[in-house]
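So the structure is just underneath, and the comments pick up after that.
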Amino acid sequence: MDQLGALETLLQEDRVFRPLPGLVMEANINPQELASAYQLAAHDPLAFWENAALELQWFRRWDKVLDDSKAPFYKWFTNARCNIVHNALDRHIKTANKHRLALIWEGEPGDTRKLTYFELYRAVNKMAGALKNLGVVKGDRVVLYMPPLPETIIAMLACAKIGAVHCMVFAGFSGKALKDRLRDAGARCLITADGFYRNGRVVPLKPAVDEILEEQDAVDICVVVRRAGIEVEMHPARDVWYEDIVRHEKPEAMTEVMESDDPLFLLYTSGTTGSPRGIVHSHGGYMVGIHHTLNWVFDIKPTDIFWCTADPGWITGHSYVVYAPLLAGTTTLLYEGHPLYPQADRMWHITAKHGVSILYTTPTTIRMLMRYGNLFPRQHDLTSLRMLGSVGEPINPEAWVWFYQTIGRGECPVMDTWWQTESGQIMISPMPVGLLKPGSVSKPLPGVEADIVDRTGAPVPRDKGGLLVIKKPWPGMMQNVWNDPDAYRAYFEKIPGCYVAGDVARRDEDGYFWMQGRADEVINVAGHRLGTAELESALVAHRAVAEAAVIGIPDKIKGEVAKAFVTLREGVEESDELAKELKEHMKRELGPVAELKSVKFRKDLPKTKSGKILRRLLKAEELGTEPGDISMLEEE
Ligand code: ATP
Ligand code: MG
């Protein structure tokens, strides 16, 4: 599609929710401060980000906040020296945070481990020493093929501490995906576990690793964490147990002095729209971006118990499970297992048991839990919650309202945060003091200059959809695409002077942004361009529907027609009448352009391993074409 044109606006969601006065009064940033922050950021964004950087500790200050002489390869905080681990751990040891809980971890069988900042600091130091003893040096890539364990966080921080670049590969990926990423990253060292618990079963990891490592000789060190207690083969020249290598290490270690733009990690995107790319993030800019956004968006306090349900293997896990909460000196919660194990109340059980105060999750999780109704949440005391969050996909207003009312008692604002692996940090999101519109990601944060434009870069009128672009660099932005600078440049070349995010959005008369879906999934029905999000939200608003995906299929007369795939709520039977009713419902809600050619019921929708609907797979199935890379497909 050359001409994106303007997208039709279908959904008119007009519910508005106000934050409670108590929350506004106690917020880290009150409305006056926010107004002046917006002013400063608009007038002098670099001064704004410099202020954010001054909240952290640096070994050497920057000469310049931003060097754009080699744009689009922007360098933040040039010639500054720092290490994110100094800020996330070392500095807390000298403050009252020392004996505060850094991590609450719960295993799927119900076993729990808690580490204070001091304990985490010592564990990281030991692992840092052990990695050095194994010959890992600054700049080496270390691949972590790890389930969500305390050792996963320890290993990430230990790598960063010694200046090694970690590269997490989600433990649910097959050996093939691991192999590709090991090769692309050029890693010598791999850290893994014997296995882990998922959905009541032990999932072995090490055998898949053995198979992969036999076929190559680049990786000559494999560290194994004992989690599941299953028997594994240990290759004598290559494999070592984590517990053995850390046992005699000193609990003190030097934190490597890094240049601000030295790489901290590389991480592959979810692969929702195509082949995953290895996104590179740095120590300096990234730490400023995530620290600032956690503080402002989630109003983080040291007393919070912050539960971001993402796996550490995704960007959300990197930024908001591991690094940002530790930078803030708060307590982060990590859960090993499946949200429905042993039954659909596990998340409410964990929330009540540990007194979670902020819960940050995905639309997919919310829709899944919603499918089980209100009985489970009502059986638990959820009053410790004070704020909620969503990320990863557009959230349907129905799911938003359910989350807000049933889980948040109508008192906890929902932060619908838009961002990407590439952006590193939250970019567009409400803040606790603002008005909330269910289904809208609200406005760009101060310092983020986002716009909605057509293919030529010209702004589209209010309430018309177009491409979401970012017009100025931001500190958490990726530094490169690993081994592929052309792929990096491509993000900036589609529209001169802009970073093109690949999503479509519209802006309403209040300046609120509404995400409409992926640019390459826009459906073009007789000249009307429709994003997938609003069509799907209208379907989810029907009482029978749990989840929906809409795709465009070629049509001789209309160019394309929309086809819906629908999963039903518990207890609802599929029937031809229901399919007909859903089509009628769509016409009634959205008008004739939203006519569905057909509705197909499914038990589940295909999703990525990070829980996003894989529309391109439905489309390939429908058209009988090749689906492309499907290594990210979650097989439940
Ligand atoms: P790939 O880039 O490999 O196709 P991906 O885009 O799913 O995969 P991520 O970086 O994990 O990889 O996800 C970022 C994308 O998720 C965004 O570009 C957007 O499409 C979607 N997204 C994230 N948060 C939101 C949100 N709050 N509302 C709507 N969409 C969101
Ligand atoms: Mg993407």
Side-chain angles (χ1 to χ4, degrees), residues 168 170 173 177 181 266-279 281 293 297 308 310-311 313-320 360-367 388-397 399-400 403 414-430 436-445 450 465 467-470 476-478 481 484 487-488 490-491 499-506 512-522 531-534 536-537 606-617 628-634:
M168 274 285 285
F170 174 62
F173 272 126
R181 287 162 176 74
L266 67 108
L267 179 68
Y268 294 84
T269 59
S270 289
T272 313
T273 51
S275 303
R277 297 163 299 284
I279 302 299
H281 283 285
T293 45
V297 173
C308 167
D311 189 284
W314 311 122
I315 190 65
T316 312
H318 278 55
S319 297
Y320 298 107
Y360 186 24
T361 189
T362 64
T364 290
T365 307
I366 297 165
R367 289 189 299 257
L388 300 171
S390 170
V391 63
E393 288 187 293
I395 180 165
N396 324 102
W400 192 106
F403 197 36
V414 179
M415 301 296 117
D416 178 5
T417 62
W418 177 88
W419 59 293
Q420 312 177 293
T421 310
E422 295 89 336
S423 78
Q425 64 177 76
I426 298 170
M427 301 291 280
I428 308 181
S429 165
L436 299 168
K437 302 188 186 189
S440 164
V441 290
S442 190
K443 295 182 185 181
L445 295 177
L467 290 170
L468 177 66
V469 296
I470 313 291
M477 69 193 301
M478 63 173 161
V481 176
D484 199 354
Y488 175 86
Y491 285 92
Y499 167 84
V500 178
D503 290 329
V504 289
R506 71 180 168 89
Y512 275 53
F513 282 56
W514 299 75
M515 302 307 301
Q516 294 179 300
R518 310 260 179 176
D520 50 10
E521 290 174 344
V522 165
T532 51
E534 291 167 318
E536 291 164 3
S537 286
K607 305 244 174 73
T608 62
K609 292 185 190 291
S610 55
K612 302 177 189 219
I613 298 173
L614 264 173
R615 293 177 198 81
R616 68 180 165 89
L617 199 68
D629 185 355
I630 53 159
S631 60
M632 67 298 292
L633 175 68
E634 173 73 343

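Just the heavy atoms: all of them, side chains too, but no hydrogens, waters or symmetry mates, feed the values below. All figures in this text were calculated on a predicted structure; none of them were measured in a lab. Counting starts at 1 for both ligands and their atoms, in listed order.
Qualifying side chain to side chain donor-acceptor pair (under 3.5 Å) partners for D416, counting only residues two or more places apart in sequence or in other chains: none. Every residue meeting the side chain to side chain donor-acceptor pair (under 3.5 Å) condition with W419, not counting sequence neighbours, appears here in chain and number order: Y360.
Among protein heavy atoms, atom 6 (O) of ligand 1 sits closest to R518 NH1, 2.7 Å. What sits closest to atom 3 (O) of ligand 1 on the protein, heavy atoms only, is G271 N, 2.5 Å. Nearest protein heavy-atom contact of atom 7 (O) of ligand 1 is T272 OG1, 2.4 Å. With respect to atom 2 (O) of ligand 1, the closest heavy atom belonging to the protein is R277 NH2, 2.9 Å. At the top of the distance list for atom 4 (O) of ligand 1, counting protein heavy atoms only, stands T273 OG1, 2.5 Å. Atom 15 (C) of ligand 1 has K612 NZ, 3.6 Å as its closest protein atom, hydrogens excluded (heavy atom only). Protein heavy atom in closest approach to atom 20 (O) of ligand 1: D503 OD1, 2.7 Å. Taking atom 11 (O) of ligand 1 as the reference point, the nearest protein heavy-atom neighbour is S270 OG, 2.9 Å.
Salt-bridge annotation for K607 and E393: absent, with no side-chain N of the basic residue lying under 4.0 Å from a carboxylate O of the acidic one. Between E521 and R616, no side-chain nitrogen of the basic residue sits less than 4.0 Å from a carboxylate oxygen of the acidic one, so the salt-bridge criterion is not met. A salt bridge is absent between K612 and E634: the closest approach of a Lys/Arg side-chain nitrogen to an acidic carboxylate oxygen does not fall below 4.0 angstrom. Checked for salt-bridge contact, R367 and E536 miss the test: no charged N lies under 4.0 Å from a carboxylate O.
Ligand-side atoms of ligand 1 in range of D416: 26 (C), 27 (N), range being under 4.0 angstrom from any heavy atom. Shown in contact with T269 at under 4.0 Å from a heavy atom are these atoms of ligand 1, numbered in order with element: 1 (P), 2 (O), 3 (O).
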Derivation and outcome, side chain to side chain donor-acceptor pair (under 3.5 Å), residues Y491 and R277 | CA-CA 12 Å; Y491 285 92; R277 297 163 299 284; 2.7 Å; yes

Verdict with reasoning, T362 to T364, per side chain to side chain donor-acceptor pair (under 3.5 Å) | CA-CA 5 Å; T362 64; T364 290; 4.9 Å; no

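Geometric assessment of R181 against the ring of F173 yields a positive cation-pi assignment under the 6.0 Å and 45° thresholds. Cation-pi geometry between K609 and F170 is not met: the NZ or CZ atom fails to fall both under 6.0 Å from the ring centre and inside 45° of the normal.
Between the side chains of S442 and S440, no donor N or O sits under 3.5 Å from an acceptor N or O. Remark: the T421 side chain and the T269 side chain contain no N/O donor-acceptor pair separated by less than 3.5 Å.
Inclusion of S390 in the set of residues having an N or O under 3.5 Å from an N or O of ligand 1 is not warranted. For a threshold of 3.5 Å applied to N or O pairs, the pair formed by I395 and ligand 1 contains no separation below that value.
Counting heavy atoms under 4.0 Å from ligand 1, residue E393 touches it through the backbone alone. The proximity of T421 to ligand 1, defined as any non-hydrogen pair under 4.0 Å, involves the side chain as well as the backbone. Under 4.0 angstrom from ligand 1, the non-hydrogen atoms of W419 all belong to its backbone. Contacts of M515 with ligand 1, taken as heavy-atom pairs under 4.0 Å, involve the side chain alone.
For the ligand labelled ligand 1, residue I315 lies outside the 4.0 Å heavy-atom shell. Residue contacts with ligand 1: G392 is included, with a non-hydrogen atom under 4.0 Å away.
Closest heavy-atom approach to atom 31 (C) of ligand 1 within the set Y268, W418, W514: this belongs to W418.
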